[in-house]
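Residue numbers begin at 1 in each chain, while the letters A, B, ... track the order of the sequences. What's counted below: heavy atoms across the whole structure, side chains too, no hydrogens, waters or symmetry copies.
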Amino acid sequence: MEGILNIILLGGMAVTAIAIAKMRNLFVVTMLSGIYSLLSAGIFVLLDAVDVAFTEAAVGAGITTVLFLSTLILVGREAKPRQFRMQAILPFLLVLAVGAGLIFASLDPNMPRFGDPNSPANQRLAPEFLADSVPQVGNEAPTRVGIPNIVTTTLASYRGYDTLGEVVVIFTAGIAVLILLGAARRRREDEELEGPETGAKPEPPKEDSRMADASKEAPGS
Amino acid sequence: MTDLIIGLYNYWIVIILMMVGFYIVMSRQNLVKSLIGLNIFQTSVFILYITLGKVTGGTAPILEKGIKLYSNPLPHVLILTAIVVGVSTTALGLALVVRIKEAYGTIEENEINRMDNES
């Protein structure tokens, strides 16, 4: 049952991605990418990554879609058609070649099969993290960390520096967005002071506040 | 044969998604569309990592009495970080797109290039 669901959901993702590639209306593309993120959240639940599924559904399908939509208000909805056919054919051939190479590589007999408990990725580190969290048989003493969710345990203790780095990245991105959009608004105000000009668009203040939301929410996730 | 297909199906879908994202980034002139292509590429990598951590018969890595087999929690931790970093880079990219639209009046790459060459 799980296997069938896995095949259907992943197939749906591939179809959605191809539809995204075909569409030119940016509003449709944004909505499809929201569906794509939600499908991937479903896949993560199937593959036992419930924490990742939460985050993907909230951040990938939620905040990202909102960011794209608020950008579309400013930049317009329609992408222009290509001028030359070569622009489509050349990348297509390249992608086909790279994809064929990667699929050929995946046929290697040493490639770990889906769900293989003996794959190299499951041999190191993770068993130790699990052993530190799971009470040992015959030893009822509290475990080293003592949180039932192993992902939280690992995130907060063993990979704490990752999270610190993540916070730094979000902080930097937040500052950069504020500078980029804030500079534009300042310049427009200067122009307005110099004289009334034509067609000044009102700056939507929402972009900034949403970025701030994203920065606030992210460290906790 | 069926074993082979089921065992490698996830990798193949990951490869297809990756290539579709790559194609969108390369073939489209529209900057918003390129960013969406980048997002697709990114998500395909997430699925690759989570697939590698799945153990057949395992459950979600949350402690519960009577359960002996858990999936690998380490890829989940790494991807959790990556998702959040991904959204902040997307936000930065979109802010750049908005600025480009203000400065050039278009977000089509070839038109921007032409304007740069003319001036």
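Nearest heavy atom pair, residue B:Y9 against residue A:N6, reads CE2-O, 4.4 Å. Closest approach of A:D48 to B:P61, counting heavy atoms only: O-CD, 3.4 Å.
Separation of atoms CG (B:L92) and CD1 (A:I175) is listed at 11.5 Å; rounding is to 0.5 Å. Atom OG1 in B:T43 sits 11.0 Å away from atom CG in A:L39 (nearest 0.5 Å). Atom-to-atom distance recorded for B:N39:CG and A:T30:OG1 is 10.5 Å, nearest 0.5 angstrom. Atom CD1 of A:I4 and atom CD1 of B:I6 lie 9.0 Å apart (nearest 0.5 Å). For the atom pair CG (B:L80) and CD (A:E166), the distance works out to 7.5 Å, reported to the nearest 0.5 Å.
Contact check for A:S119 versus B:L52: no side-chain heavy atoms found under the 4.5 Å cut-off. Counting heavy atoms from C-beta on, the side chains of B:L17 and A:Y36 come closer than 4.5 Å. A:L102 has its side chain out of reach of B:Y11: every pair of non-hydrogen atoms, C-beta onward, lies at least 4.5 Å apart. Here the side chains of B:V97 and A:F68 are not in contact, with every heavy-atom distance at 4.5 Å or above. Counting only heavy atoms from C-beta outward, the side chains of A:D162 and B:V77 never approach each other to under 4.5 Å. Inter-residue side-chain proximity for A:V52 and B:F46 is flagged as unmet; no heavy-atom pair is nearer than 4.5 Å. B:K54 is not listed as a side-chain neighbour of A:D116, based on a closest heavy-atom distance of 4.5 Å or more. Between A:V95 and B:M26, the closest side-chain pair of non-hydrogen atoms falls below 4.5 Å.
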Q: Test side-chain contact (heavy atoms from CB on, under 4.5 Å) on A:R113 and B:L4 and set out the steps.
A: CA-CA 8 Å; A:R113 297 292 186 261; B:L4 183 79; 3.3 Å; yes
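Only the side chain of B:I24 comes within contact range of chain A, with heavy atoms under 4.5 Å apart. The parts of A:S106 that come within reach of chain B are both its backbone and its side chain, each placing non-hydrogen atoms under 4.5 angstrom from that chain. With a 4.5 angstrom heavy-atom cutoff, B:L69 does not touch chain A via any of its atoms. Proximity to chain A is limited to the side chain of B:I15, based on heavy atoms less than 4.5 angstrom apart. With a threshold of 4.5 angstrom between heavy atoms, B:T90 approaches chain A through side-chain atoms but not through N, CA, C or O. B:Y23 touches chain A through backbone and side chain together, each having a heavy atom under 4.5 Å away. Looking at B:L35, the atoms closer than 4.5 Å to chain A (heavy atoms on both sides) sit in the backbone and in the side chain alike. If you measure heavy-atom distances from A:L72 to chain B, the contacts under 4.5 Å come from the side chain alone. Looking at B:I36, both its backbone and its side chain come within 4.5 Å of chain A, counting heavy atoms on both sides. When heavy atoms are compared at a cutoff of 4.5 Å, A:T152 does not approach chain B at all. In this structure, chain B has a heavy atom under 4.5 Å from the side chain of A:L26, while its backbone stays farther away. The contact between B:I13 and chain A is made entirely by side chain atoms (from C-beta outward), counting heavy-atom distances below 4.5 Å. Contacts between B:E111 and chain A at a heavy-atom distance below 4.5 Å involve the side chain alone, from C-beta outward.
Counting heavy atoms of neighbouring residues, nucleotides and ligands inside a 6.0 Å radius, atom CZ of A:F114 exceeds 12 of them.
Between the B:N72 side chain and the A:A121 main chain, a donor and an acceptor come within less than 3.5 Å of each other. At least one donor-acceptor pair closer than 3.5 Å links the side chain of B:K33 to the backbone N or O of A:I20. In terms of modelled atom types and a separation under 3.5 Å, the side chain of B:T56 and the main chain of A:G115 share a donor-acceptor contact.
Results of the side-chain contact (heavy atoms from CB on, under 4.5 Å) test with B:L94 over A:T71, A:L74, A:V177, A:L180 single out A:T71 as the only residue that passes.
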